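This one's a predicted model, so the numbers in the text were calculated from it and none came from an experiment. Note on naming: letters A, B, ... go to the chains in the order of the sequence lines (proteins, then strands), and numbering restarts at 1 for each one.
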Amino acid sequence: MYEVIFYLTAAIAVLAAGAILKVSHPVHAALYLVISLLALALIFFLLGAPLLAALQVMIYAGAIMVLFLFLIMVMNLRSERNQSLSLPSGWKGPAILALILWLELMLLLNRYPAEETNEMTAIEPKAVGHALFGPYLVLVEAAAVLLLAALVAALYLSRKGRS
Amino acid sequence: MSQFLWLIPGTPMLGALIIALLGGLLQRRHLAIMATCAAAIAFLVVLLTWLAGAATSQPLQQTLYTWIAVGDWNPTIGFILDRLALIMVSVVSGVGLLIHIYSISFMAEDSDQRRYYFFLNLFLAGMLILVLADNLLLLYLGWELVGLCSFALIGFWYHEPMRASAGRKAFITTRIGDMSLALGIFLLYSQFNDLSLSYLLANAAAQWEAGSQLAILTALLILGGAIGKSAQLPLQVWLPDAMAGPSPVSALIHAATMVTAGVYLIARTYPLFELAPHVQWSVAAIGAITIIYGASAALAQNDFKRILAYSTISQVGYMFLALGCGAYALALFHLVTHAFFKSLLFLAAGTVIHSSGNEHNIHNLGRLGNHSPLVRWSFLIGAASLAGFPLITAGFYSKEAILTATWSAPAGPLLWVFAAFGVLLTAVYIFRVYFLVFQGSQSSASMPSVSGSMTWPLLILALFSLIGGFVEFPEGWPAPHLWSTWLEDEFKSVVLPPLAIAYSLQFITSLLPLIGIVLAFVLVRRKQIGHSLPIIVFLRRGWGFDALYQTMLIQPYFSLARFLKNTDTLLVEGTLQKLTHACLIFATACRSGVEHGVLDKSINGLLAGLRFGYARLSATQNGLLTRYALMISAGAVFLLSYWLW
Amino acid sequence: MHSADLISLAPFIVLILGGLTVLALGIWPQHVSTRTLATVSAMFLLLGAATTVLWETPQTVNNMLIIDNLGRLFAQFFMFGAVAIIILSFNYAPTKNEVREEYLSLILFATLGMTLLVTSHNLVTAFVGLEILAVPLFALVAWKPTRSGAIEGGVKYAILAGFAAAFFLYGITIAYASTGTLNLAALGSITTDNYLLIVAATLILVGVGFKLALVPFHMWAPDIYQAAPAPITALFASIAKVAVLVFLIRLLCLQLQNIWEALLPLLGILAVVTMIVGNLLALYQQNLKRLLAYSSIAHLGYILVALSAGNSLGRDAAIYYALTYALMNLCIFAVVAAFSRPDQDRQNLEEYRGLGRRHPTLGIAIGICLLALAGLPPTAGFIAKLLAFGAAIKAGYLILAVIAVINTALSFYYYLRILIVFYGEKSTKQDVIHLSQGTLSIVIISSLLIIGLGIFPGWILDLIETL
Amino acid sequence: MIPLTHSLIIAALLFSLGLLIILLRRELLFILMGLEVMFNGAALTAVAAGQYWNNADGQVLTIFLMVVTAAELAVALILVWLAYEHFKVTQIDMLTQLKDDTRGEPP
């Protein structure tokens, strides 16, 4: 049962991502992206990472999606402006390239001598927190600076960018 | 004395620096005097080394400091002054000083003296570093420096596109040679882990067998560098165009000093060449062919300075011939005399051209006979010395010595015939110029003003062009061989033919210039140097070398393209078709280039290929972000696929 | 976290404090002049450089950062470089009045990112450092968005940098999947033939290769160099690139030496392609900033030649080359910044005609700089190339060195083209150029350093050998 | 029990799909979405590997990934919006002002 749910969710994640290739309206694409991200959150949960599952829902599905949708609304995009309903003519090359990339990665990853004996144990949020504010503390601070830098950059651009 | 060695290249370098940094504060005239003073000090130091007995003592050495220290490799900034270097620094600093003096008047009107003297001083410093360097790395530094200055000075009057492009052509052609030298140095380094000249030359014979592949390769690479700088076949195309520079520059760089750097290089590394006898013989062969090439091309030219340029190519050919025959001392002998008479010719020519409103065509220049005896006589002396007028000129002694030495080399008689024919041609072409320009007296051209500082260099050079040869009398004469005995420690003496043969060779060699002069006189009288005879056109175009390169470089592309087109039907669409297409485009590009006359120079054939590569690649930079991402992913796929193998 | 760690972290703390201080000063109720802001941020950078002297090397902080001499050398270099960038920006006309607290704090943060990158002892640190460097650059490329091309450049860089970061990150995760650790020392101690780790390193190489603009990951470089204001282009081309390069050197040459050996053929291939394509693209390019972008691509090819030698000489050569490369590019882009028009940079090469002649001091500096780029003695560029190619020869890759030498010869063509233009005679109207003391001093100092490092390379080489 | 390899392959598939979206779609917003998909492929790898090795590093890595993505995306979206504001551009094909000038023949 566990396996069935896992593969089913994975299929949803992949198919939803694939759908972004086809849809024409940005809102639809955003919705497919949300579906893919939520499916991924479920996968995280199934893999035993409950904290990440929650964060995935909050940050991606919550925050980032809102950003996307907000921008779509601001730009007031209608589908006729994004007229590329069908795939552009030169789609074969990139498609083959991506396929090759995937096949290569698959072949290379398959060589991995995976021992199947490991028991699945959930890593509790507490362990993650310990790691985060233990050895990774310096980086947490650094990430804070990164966010600040992004904030400053975004503020400047949105202030000066208005023509 | 050895602790002052650094002053020799140091003072011109300092002069260049001062001109570059503080030149704006000085007046034009003071600039010239400053630069001349720097050259004079260098020459003075050289004179002092002579007086201090450098000529007889052990080589002087000075190590300033260790330049780079990486692991076990410590190339230094160090100088060595042995007899070979002594000759070279004397010539370079001496002629350099004279040219500086001459330039004071010659360039007096030019508005951009600061740049001129900066590069002239820098050139002098570079050349002196080149000949004094005690390791190949430092030598290479000097080598690049003179190349750069030469480029800057050829294109000195860069407003005229022709002159600027001449500078570029010179630079690119010599670059091929420089690259070859750089590779040779790299090869030596990879084999010996040391670039010090004394170490290399002492140990090369121990480490390499004679005729081993590495020795041959090294010698070939060094030879490539030498023929690039010395404008020997097949890299000679740049020198005639290099005459776009001011005349004193042509005299200094493209006659007396820089073009002899190749000769110096081979003489310096001769143990490497002796390990590769075939390469050494090919040095002689290149020299012999170049003699004929240069002389015959000079015969058909009408541009005053181009004649002298081809003449330089031809005369440096004699030096190569001597080097190839193992007569290193004689090559240097000719180097010295050539420096005198060729700079004399250039300076005289410069005066004539300068005073007749930049007229280069000898037919239009003509009949300056009754003007300025100084110029006329100095040109006559230079011409006689170049032609090898028997007994009284320096050129005779140096050339004769080389010819005699050639006889006993492998395939010597053949080489001798080439060289002797060259002597005849030389006399013809140079006296053709003399008769055309200086004979008669109905010219309307204004009197060449030979003023002030232009006089003395002409006089001194003329004097040396006459008496410079008395240091080495021909074999079998009851007179001393000062030169070769003095250089015996450096180079082994050359095998000479039996006395009887030597005498007859000497006789022929002294007769040939006289015949040549008469021939020239007859030719000029009958005005038989026609303009449209195929042979003349052929010669005038430098034996069609430029055209030949075009054929060699471009025809194969055409053939390849045609071949691929024919086989195209057999192949399914795909890569090969793309390749064919690319070749066809290239061929078309070349053809259109030819048709539009863009490709009329050999080097441009190479450039066309590069231009094609540029155009193709540049077209990929179309600003489309998707394309860029595609390239990144293609790169990633490629890198990953490497691990799937 | 010990008190010793605090000393190790001091430069980072100083930079963060500096960024915050500048931001706070910017929103101060009274108007604070741009000069004050710039001075304050430069002071913080110099203070940061000074605190690196206190470092006790080598030691690690939480296994996240490694504090060593290599890190110190480059941390100081970046901070001085950032001061130079600030001076350039302060005097740069096209972004006049826009160089305020945001700009300066972003530069400080970017410097923090570079310092993190070169001292990273953990792949996550490297990733975070890379992004702290990248995100400010998104905005800095598009600074003063009304400039022509600014927004386009920003969008392109943001998307492509994200794209490359995805590869980088994917590589990190695969490295983690294959070994279970992200610590560089732990990764380096894995001696068994771990195939996936090589794959991971290859993917990381893609991400790094993008930042270094190696061919075929190079295509963004000319567009972004053209779009960015000249001081930011200088930042891109000099210290930002060198930071990534030093990370690569640390990753391959100091930590994962097994992987380095395995990657040698790939590095060699990349080196050859990068040199050839970079030089060919530069050959006839008319836009100076794009030309210099291509030339910097080619230079990375030469550095890769050193790295693909796979010996300690190659490593030292690469470090030396990185320093000189940064100096040369800083100098040449400072010149571009100095000659900018009031509204934007001069683009076409012809617009620079005669400028070297009219401003002799700058002219000489340009000459030195171009000769160094071309690799002529006695500049540092010559020594750098000599060491790099010598390393390849020593390792037995003669063919690589031959290709590199041929490429160097090729590159002479376009460097001389620039030189000729700068020294050409100006025929048309003369526009007034106001040269500021600050820009001038940066150009002079960097060109003096280029010459100094060429004539006396000993002192820096000795330092590098002890790293 | 899910073998690690399966998770890794799914992650690789997501990564390649994201890449394909970027390569194929011309709209700036879609490209950014593709970027998100790529990052999520990497995130899945990290989480799955973290479970396999049974330590928290994988999850910490993923958290940093989210932070970084958010920061990057915020600035990128602003830039996209600016492009729209200034040029009414939503498609990448129209942003090709910066490119090699191939009109003029090389000298």
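Nearest heavy atoms, B:A634 versus A:L97: N-CD2, 3.7 Å.
Residue A:L107 holds its CG atom at 11.5 Å from OG of B:S641, rounded to the nearest 0.5 Å. B:Y642 contributes atom OH, which lies 14.0 Å from atom CD of A:E104 (distance to the nearest 0.5 angstrom). One distance of note links CG of B:L640 with CG of A:L105; it measures 6.0 Å at 0.5 Å rounding.
Side chains of B:L630 and A:P94 form a contact here, defined as non-hydrogen atoms less than 4.5 Å apart.
Within 6.0 Å of atom CZ in A:F68, more than 12 heavy atoms from other residues, nucleotides or ligands are found, so the atom counts as buried in its surroundings. Surrounding CZ of A:F6 are more than 12 heavy atoms belonging to other residues, nucleotides or ligands, all under 6.0 Å away.
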